[in-house]
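What follows is one structure encoded as structure tokens, with my remarks underneath.
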Amino acid sequence: MSTKRAAIFDVDGTLVDTNHLHVVTWWEAFRQGGHRVPMREIHRAVGLGGGDLIEHLLGKDRDPEDDEQFVAAHHALYATYFERLPTLDAAGDLLRALAGRGWTIVLATSASGPELAALRRAIDADDVILGAASADDVADGKPAPDPVQQARRLADVPSERAVFVGDTVWDMKAAVRDGVVPVAVLSGGIPRADLETAGARAVYRDPADLLERLDSSVLADRE
């Protein structure tokens with residue numbers, strides 16, 4: 001039996017403190033397109049891919065021809081932060097600690113292209129990150145299991161040998177659907193109860209809290 005195991009991580013809100021930047025830049029993208037969308041609703045939609053987020057917030061009866069405009073506006077606004085994206089405390093240290101314990105580290109994110117590159121620069125742990133399952137690699141984003149499955153394929157492990165750490169309800173649902181262990185952090189601003197209802201097996205404050213309690217966590221050394 002293989003002893004390989006994978007620790008799969010979401011990025012926005014889990015390793016990098018960017019959820020509220022996404023809220024503001026999506027809010028402005030919608031405002032420019034003539035839509036008033038409450039920021040609290042955008043916040044709860046963060047973590048969905050662009051098209052899914054737009055449909056979730058504007059509904060199926062919107063004019064889908066406007067979607068590309070919203071995505072482009074959001075990307076242009078968010079890109080202004082690329083060189084100063086704030087990493088959450090101990091994010092890189094957590095990934096290195098897990099890699100040092102034999103875990104294969106893979107990212108699973110709706111980000112792609114220059115945005116994903118900027119996030120990886122912010123995390124500054126590419127020396128231990130095997131790869132990333134991005135929006136470009138899957139047909140359906142979270143809460144579908146596709147990003148988690150793709151991350152496992154990169155790591156070459158079955159679902160029972162993987163843990164997925166994320167910060168949103170969409171992350172937890174994707175983990176549950178794929179059969180990996182769902183672990184949540186509160187650093188994305190989603191309430192603990194919502195994360196637990198969506199399937200979180202354990203909830204930590206942020207990466208630093210998970211690192212501090214690693215030996216008692218579901219990521220503790222075990223076969």
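Just so you know, residue 1 is the first one in the sequence shown, and it goes up from there.
Each of Val138 and Leu116 belongs to its own hydrophobic cluster when Ile, Leu, Val, Met, Phe, Trp and Tyr are linked at side-chain heavy-atom distances under 4.5 angstrom. Hydrophobic cluster membership is shared by Val16 and Val165, with clusters built from Ile, Leu, Val, Met, Phe, Trp and Tyr side chains linked at under 4.5 angstrom. Val185 and Leu107 fall within the same hydrophobic cluster, where Ile, Leu, Val, Met, Phe, Trp and Tyr residues are linked whenever their side-chain heavy atoms come under 4.5 Å apart, directly or through other members. Grouping the Ile, Leu, Val, Met, Phe, Trp and Tyr side chains by contacts below 4.5 angstrom, directly or via other members, places Ile8 apart from Val128. Linking ILVMFWY residues whenever their side-chain heavy atoms come closer than 4.5 Å, directly or via other members, leaves Val148 and Val181 in distinct clusters.
Between Leu53 and His74, the closest side-chain pair of non-hydrogen atoms is not below 4.5 Å. Counting heavy atoms from C-beta on, the side chains of Tyr204 and Leu211 never come closer than 4.5 Å. Side-chain contact between Thr168 and Lys142 is absent, with no heavy-atom pair separated by less than 4.5 Å. Using a 4.5 Å heavy-atom cutoff, the side chains of Tyr78 and Trp26 are not in contact. In this structure, the side chains of Asp52 and Asp140 stay at 4.5 Å or more apart for every pair of heavy atoms. Taking 4.5 Å as the limit, every side-chain heavy atom of Leu88 sits out of range of all side-chain heavy atoms of Leu15. The shortest side-chain heavy-atom distance between Arg62 and Phe70 does not fall under the 4.5 Å cut-off. Two residues are said to be in side-chain contact when any heavy atoms from C-beta on lie closer than 4.5 Å; Gln150 and Asp146 fail this criterion.
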Determine whether Tyr81 and Thr18 satisfy the following criterion, side chain to side chain contact (heavy atoms under 4.5 Å, CB included), listing intermediate values before the conclusion. CA-CA 9 Å; Tyr81 297 101; Thr18 45; over 6 Å; no
Given Leu186 and Leu195, is the side chain to side chain contact (heavy atoms under 4.5 Å, CB included) satisfied, shown in steps? CA-CA 9 Å; Leu186 299 171; Leu195 295 165; 3.8 Å; yes
Using the side chain to side chain contact (heavy atoms under 4.5 Å, CB included) rule, take Phe9 and Ile123 through it: C-alpha gap first, then chi angles, then the decisive distance, then the call. CA-CA 12 Å; Phe9 283 84; Ile123 299 166; over 6 Å; no
Report the C-alpha distance between Val169 and Ile190 in whole Å, list the side-chain angles of each, state the deciding distance to 0.1 Å, and finish with yes or no for side chain to side chain contact (heavy atoms under 4.5 Å, CB included). CA-CA 8 Å; Val169 166; Ile190 300 302; 4.3 Å; yes
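Contact between Pro86 and Leu21 at its shortest, heavy atoms only, is CD-CD1, 4.4 Å. Ala162 approaches Val157 most closely through the heavy-atom pair CB-CG2, 4.2 Å. Nearest heavy atoms, Ala200 versus Met172: CB-SD, 3.6 Å. When all heavy atoms of Pro147 and Ala108 are compared, the closest pair comes out as O-CB, 3.9 Å. Contact between Leu98 and Ala7 at its shortest, heavy atoms only, is CD1-CB, 4.1 Å. Taking all atoms of both residues into account, the shortest heavy-atom contact from Asp10 to Gly166 is CB-CA, 3.9 Å.
Summarising the geometry, atom CG belonging to Leu94 is positioned 7.5 Å from atom CG belonging to Leu219; distances are rounded to the nearest 0.5 Å. From Leu119, atom CG reaches atom OG1 of Thr87 across 9.0 Å, with rounding to the nearest 0.5 Å. The CG atom of Asp206 lies 7.0 Å from the CG atom of Asp89; values are rounded to the nearest 0.5 Å. A distance of 14.0 Å separates CZ of Arg5 from CD of Glu160, quoted to the nearest 0.5 Å. Atom CD1 of Ile129 sits about 5.0 Å away from atom CG of Asp126, to the nearest 0.5 Å. Atom CG of Asp124 sits about 10.5 Å away from atom CG of Asp93, to the nearest 0.5 Å.
The aromatic rings of His43 and His20 sit tilted relative to each other, their planes meeting at an angle between 30° and 60°.
There is no side-chain donor-acceptor pair under 3.5 Å between Arg152 and Gln149. Side-chain contact, Thr197 with Asp194: no donor N or O sits under 3.5 Å from an acceptor N or O.
Judged by distance alone, the side chain of Asn19 and the main-chain N or O of Gly13 form a donor-acceptor pair under 3.5 Å. Judged purely by atom type and a 3.5 angstrom limit, Arg177 uses its side chain to pair as donor or acceptor with the backbone of Pro143. Counting only distance, with no hydrogens or angles, the side chain of Ser159 and the backbone of Val180 share no donor-acceptor pair below 3.5 Å. Of the possible donor and acceptor atoms, one in the side chain of Asp171 sits under 3.5 Å from a partner among the backbone N and O of Asp167. A donor-acceptor pair under 3.5 Å is absent between the side-chain atoms of Trp103 and the main chain of Leu95, judged by distance alone. No donor-acceptor pair closer than 3.5 Å links the side chain of Lys4 to the backbone N or O of Arg161.
Within 6.0 Å of atom CD in Gln69, more than 12 heavy atoms from other residues, nucleotides or ligands are found, so the atom counts as buried in its surroundings. Few gaps surround CD on Glu55; more than 12 heavy atoms of other groups in view lie less than 6.0 Å from it.
The residue from Asp12, Leu77, Ile42 that alone fulfils the side chain to side chain contact (heavy atoms under 4.5 Å, CB included) condition with His22 is Asp12.
Salt-bridge check for Asp215 with Arg101: passed, with a basic side-chain N closer than 4.0 Å to an acidic carboxylate O.
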